[in-house]
Number of protein chains: 2
Amino acid sequence: MNENTTEPKYQKLVKQMKAYIQENMKTNQKILSEREIAQRLSISRYTVRKALDELEKKGYIYKVHGKGTFVSEKSVPTALNEIYSFTEQMEQLGKKPRMELLEFKVFTPHQELASKLHVVTGDKVIKLKYLRTADDVPMMIEETYLPYSKFPTLTVDALSKNSLYSIMKTEFNQSIHVVSESMRASLISSNEAKLLKVEDGSPCLNVRRTSFNKLNEPIEFTSCIARGDQFVYNCKYIHQD
Amino acid sequence: MNENTTEPKYQKLVKQMKAYIQENMKTNQKILSEREIAQRLSISRYTVRKALDELEKKGYIYKVHGKGTFVSEKSVPTALNEIYSFTEQMEQLGKKPRMELLEFKVFTPHQELASKLHVVTGDKVIKLKYLRTADDVPMMIEETYLPYSKFPTLTVDALSKNSLYSIMKTEFNQSIHVVSESMRASLISSNEAKLLKVEDGSPCLNVRRTSFNKLNEPIEFTSCIARGDQFVYNCKYIHQD
DNA sequence: CAGTGGTCTAGACCACGTT
DNA sequence: ACGTGGTCTAGACCACTGT
């Protein structure tokens, strides 16, 4: 898309090494030392380290002080440090994900929602309501709220062509930095039961997410109701002390 | 505990700056530039950058290319990139958390569990079962399974004095690197309902966690059953592209 | 002891945002 | 034009792991 921005040298190295490792190397095999790589490519050790740090953070390799750098098990995914998206998960299961827009409106929110999105009283909010299905089985209802002031020209048409997050980034220059999520189990209400085609009072998983930009301003609040009998929420992350 | 290992200079700087920021600075206030800090402390810019990177990763500050470095909103917690622990959450709510060991045994696992922990057939596994309460209200049942070969000398006595994770690290030199979790909603079974003092068939949240060490060997599998009416699972993480 | 990753220095240029 | 963070170099010493 925007390839006019020059890519740093270490990023190119990351891609190169990632491809090389996946093609030619086995789990726990030792790779060249930082100094060796630097010398062979005639670049500085700092650049090699940055690339290796990135690969370690993404779960492709691991370093052991005094011993060397080794290839991680293939099972560790690229989506580390990232809650798996619904679409990715369904595709992994071989199911065909789809989403249907049920509602798009701009309105003035009540106190609770207004404070979640840090909008002052009287400011407007955009509501998006989706039904997500997999192989035409209804899986979850997703309600997203956006501060109108940050996305004033958002249209249904744009949403049909690109994902919300890519629109946020490219059209409105808002990219997500921190995400806060909560999960709880409850019993489904009758309205939602109809949409998801389950019995009243079935168990359901409620996931609520608030996303913040780099300035820590909330730019999205989403509440999902997922069928308890169908939906599992997965995440994988690197543990820090 | 083990203060014989020398702490890097940038780590000390992280602590200093963290304290200073929390004491004296306001949200979105600009802090000194990297070059200024380096000059004033007579250290190199690299060291300052490492410290600032750490503070950004932990959510205390954010950088903007071409503008400077700024203080984040206080709301962003120290536990970024980390699922909040039960204990922390309860303390934030002003509740008194407690855990009671219900079971401790070593046994030979069935196929499914054995494969989760990557133990070969015939190898043993340690089971720990806890009931967690908050202000004496039962909140969740936690069953943890550990490969016996990695923790052969683990005792109930040790667990009463330190947390499992600190024992893993200090006694057995196993620290957690990658964590994989899944969440699902279901209806509680009668045995669990009795322990949690809720009605049969109440909604409950089931959280399953597998933890891996740096070599990507599984070192723990835990399954939690939490009361749907009481327990909310929170996590917060930094979003990556 | 040699080799590895981890930290650190002093300096340079680039890309970005503001003045 | 200037100051900022982002990248990069060339070199140094330290801490850890093996022989």
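Between the side chains of A/Y165 and A/E220, at least one donor N or O lies within less than 3.5 Å of an accepting N or O. Judged by distance alone, the side chains of A/N213 and B/Y62 never bring a donor and an acceptor atom under 3.5 Å apart. A side-chain donor from one of A/E181 and A/Y233 sits under 3.5 Å from a side-chain acceptor of the other. Under 3.5 Å, the side chains of A/Q22 and A/Y20 contain no donor-acceptor pair of N or O atoms. For B/D123 and B/T108, the side-chain atoms include no donor-acceptor pair closer than 3.5 Å. Judged purely by distance below 3.5 Å, without hydrogens or angles, the side chains of A/R49 and A/T47 never pair a donor atom with an acceptor atom.
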Result block: side-chain N/O donor-acceptor pairs under 3.5 angstrom for residues 35-43 of chain B, not counting sequence neighbours:
{"unit_1": "B/E36", "atom_1": "OE1", "unit_2": "B/R40", "atom_2": "NE", "d": "3.0"}
{"unit_1": "B/E36", "atom_1": "OE1", "unit_2": "B/R40", "atom_2": "NH2", "d": "3.3"}

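Spacing between atom CD of B/E7 and atom C1' of C/dG6 amounts to 14 Å, rounded to whole angstrom units. In this structure, B/F70 atom CZ and C/dG17 atom P are separated by 12 Å, rounded to whole Å. Between the CD atom of A/Q39 and the C1' atom of D/dG11 there is a distance of 14 Å, rounded to whole Å.
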Dump every N/O contact between nucleotides 1-4 of chain C and the protein below 3.5 Å, one line per pair.
{"unit_1": "C/dG3", "atom_1": "N2", "unit_2": "A/G66", "atom_2": "O", "d": "2.9"}

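A close approach under 4.0 Å does not occur between any side-chain nitrogen or oxygen of A/K9 and OP1 or OP2 of D/dG6.
A cation-pi contact links B/K105 to B/F107, judged by a cut-off of 6.0 Å to the six-membered ring centre and 45° from its axis.
Of the residues in residues 42-55 of chain A, A/R45, A/R49 come within less than 4.0 Å of DNA chain C through at least one heavy atom, sorted by number.
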